[in-house]
Amino acid sequence: MRVVEVNLGKRSYQIFVERGSIEHVGRCVADYGFRGRCFLITNETVGQIYARLVEQSLAEEGFTVKTIEVEDSERVKSLSAVEHLYREAYNFGLDRSSPVIALGGGVVGDLSGFMAATYMRGLPFFQVPTSLLAQVDSSVGGKVAVNYFVKNLIGCFYQPRAVIIDPATLDSLPAREFRAGMGEVIKYGVIWDAEFFGFLDTNSDKIKNLDPVSVEKIICRACEIKSEIVSRDEMDYGIRGILNLGHTFGHALEAAGGFEGIKHGEAVAAGICIAARISVMLGLLSEKDEASIKGLVKKYGLPFSIPGKINCDYLVEVMTKDKKNKGGLISVILPTTIGRVEYIELKPEEIGHLLRKTMFLNEG
Ligand SMILES: NC(=O)c1ccc[n+]([C@@H]2O[C@H](COP(=O)([O-])OP(=O)(O)OC[C@H]3O[C@@H](n4cnc5c(N)ncnc54)[C@H](O)[C@@H]3O)[C@@H](O)[C@H]2O)c1
Ligand SMILES: [Zn+2]
């Protein structure tokens, strides 16, 4: 088993990475001293494959488990779904020491975490992420949220007690979801670690074929990088912002698709390439580094430009509503070399102009 530490003072926790650990979730939660009732939140897809195993492991430790299967859709990150969970929690009789366990991808994690953070002012929360994106990103760092008009508008910071990652769960993950998760993995290479970027490039075949050693390596390295960044800036006032590379553009692309057309990790991959292109246009990144970034994104079968019919004005409109903007300017993270990024503020009209130029280049 490999353990990644997330150092956040009193809120510190560990990320356990081990094949087969899905069968030991109960023991892990019990090791934290919890007993009695617990809430297992999953979705219909993941629940069908893994819920029984997790329920059994919890029952073996003497827990009384209530499993809730939510709809398998981004739509479920909603206040009405949270309310449904509150109602179920109340009827089941959860108390402040009852653990809430999220079993699934980022959607289940974000929704369950928000419920756990707010019900009775906070219940102990455990993440058992099963998608690559959730294992390398969303289960770590404590951001929990639901969508409201725009993505993740209502949320808070709420750290889990532990994250239990079983890389073998990726065997059942649809290939497209694995690719999407690679969007976030590539992000870590671009923002932080040129050597890791090189590893992703050299070992792409092994990674795509789910070679256990390579997959475990990327999960652990991604968690280490995220943990390092989050421990320096838990509340996202400074350096944590670099984790948003590709996201300002990515979120706009997701919104343009009404949350359905494009997957988060795909949108991030395209967003990273758009950021790289804009960085080159502003003279901040070399064409060579841009080509490497785009090349790696392509290698993993991810989108590397703005999809055909999307309207640039609409993208800018979405970006102007981003929570991170200040004083009418749009904040974007741009790569300056592989392993380094910079934080830039641009006027909406400048972004619009650069995006149109980017799209024109795509067509050409
Ligand atoms: N909190 C954060 O810091 C953070 C960071 C990044 C993304 N997110 C959020 O995460 C969400 C995206 O997460 P996601 O990409 O995991 O999407 P998801 O939760 O929708 O999972 C993707 C799909 O894979 C299925 N799935 C998951 N694990 C599986 C498995 N092992 N076997 C078979 N099917 C499996 C799910 O049922 C779903 O259909 C977005 O809502 C995004 O906003 C949050
Ligand atoms: Zn993301």
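Numbering of ligands and ligand atoms starts at 1, following listing order. Only heavy atoms go into these numbers, but all of them, side chains included; no hydrogens, no water, no symmetry mates.
For ligand 1, the atoms sitting less than 4.0 Å from at least one non-hydrogen atom of E177 are 22 (C), 23 (C), 24 (O), numbered in the order shown with element in parentheses. Heavy-atom proximity to E74, at under 4.0 Å, picks out these atoms of ligand 1: 40 (C), 41 (O). Under a 4.0 Å criterion applied to the non-hydrogen atoms of K226, ligand 1 contributes the atoms 3 (O). Shown in contact with K77 at under 4.0 Å from a heavy atom are these atoms of ligand 1, numbered in order with element: 9 (C), 40 (C), 41 (O), 42 (C), 43 (O). Counting the atoms of ligand 1 from 1 in the order shown, those under 4.0 Å from a heavy atom of K143 are 1 (N), 2 (C), 3 (O). Near T130, with a cut-off below 4.0 Å to any heavy atom, the atoms of ligand 1 are 27 (C), 28 (N), 29 (C), 30 (C), 31 (N). Atoms of ligand 1 lying under 4.0 Å from at least one heavy atom of D137, given by number and element, are 5 (C), 6 (C). Taking a cut-off of under 4.0 Å to the non-hydrogen atoms of N43, the atoms of ligand 1 that pass are 36 (C), 37 (O).
Checked against side chain to side chain donor-acceptor pair (under 3.5 Å), S78 has the following partners two or more places apart in sequence or in another chain: S80. In this structure, K288 has no side chain to side chain donor-acceptor pair (under 3.5 Å) partners at least two apart in sequence or on a different chain.
If you look at A180 next to ligand 1, there are no close heavy atoms at all, none under 4.0 Å. Counting heavy atoms closer than 4.0 Å to ligand 1, residue D72 contributes side-chain atoms (C-beta onward) but none from N, CA, C or O. Contacts of K151 with ligand 1, taken as heavy-atom pairs under 4.0 Å, involve the side chain alone. The proximity of N152 to ligand 1, defined as any non-hydrogen pair under 4.0 Å, is limited to the side chain.
Between D110 and K143, no side-chain nitrogen of the basic residue sits less than 4.0 Å from a carboxylate oxygen of the acidic one, so the salt-bridge criterion is not met.
In this structure, the protein non-hydrogen atom closest to atom 4 (C) of ligand 1 is S138 CB, 3.2 Å. Counting only heavy atoms of the protein, atom 14 (P) of ligand 1 lies nearest to G106 N, 3.5 Å. Of all protein heavy atoms, the one lying nearest to atom 30 (C) of ligand 1 is S172 OG, 3.5 Å. Here the protein heavy atom with the shortest distance to atom 29 (C) of ligand 1 is L173 CD1, 3.4 Å. The nearest heavy-atom contact from the protein to atom 9 (C) of ligand 1 is D110 OD2, 3.4 Å. The nearest protein atom to atom 34 (N) of ligand 1, hydrogens excluded, is given as P174 CD, 3.7 Å; this is a heavy-atom distance. Closest protein heavy atom to atom 18 (P) of ligand 1: V107 CG2, 3.8 Å. Looking only at heavy atoms of the protein, atom 31 (N) of ligand 1 is closest to T169 O, 2.9 Å.
Taking the centre and axis of the six-membered ring of F63, the NZ or CZ atom of R37 falls outside the cone set by 45° and 6.0 Å. A cation-pi arrangement is absent between K226 and Y188 under the rule of less than 6.0 angstrom and at most 45 degrees off the ring axis. For the pair K298 and F304, the distance from NZ or CZ to the six-membered ring centre is under 6.0 Å and the angle to the ring normal is within 45 degrees.
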message = S12 vs N7, test: side chain to side chain donor-acceptor pair (under 3.5 Å). Steps then yes/no.
response = CA-CA 5 Å; S12 294; N7 298 312; 4.6 Å; no

message = The test is side chain to side chain donor-acceptor pair (under 3.5 Å); show your working for N147 and E74 and say whether it passes.
response = CA-CA 9 Å; N147 302 325; E74 175 76 29; 2.7 Å; yes

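We find the CG-OH distance between L153 and Y148 to be 8.5 Å, quoted to the nearest 0.5 Å. Atom-to-atom distance recorded for L346:CG and I351:CD1 is 4.5 Å, nearest 0.5 angstrom.
Nearby protein atoms of type N, O or S around the Zn ion (ligand 2) amount to 3 (distance under 2.8 Å).
For the pair E184 and ligand 1, the shortest N or O to N or O distance does not fall below 3.5 Å. For the pair H264 and ligand 1, the shortest N or O to N or O distance does not fall below 3.5 Å.
Counting only residues at least two apart or in different chains, ring-ring contact (aromatic ring centres under 6.0 Å, His included) contacts with residues 330-353 are absent.
Other residues, nucleotides and ligands contribute over 12 non-hydrogen atoms within 6.0 Å of the CD atom of E71.
Checked against the 6.0 Å centroid threshold, Y32 and F126 count as a close aromatic pair.
Between H247 and H251, the two ring planes are perpendicular [angle over 60°; tilted spans 30° to 60°].
Side chains of T45 and D72: a donor on one and an acceptor on the other come within 3.5 Å. With hydrogens and angles left out, the side-chain atoms of T118 and Y158 include no donor and acceptor closer than 3.5 Å.
The side-chain heavy atoms of M182 and L132, taken from C-beta on, include a pair separated by under 4.5 Å.
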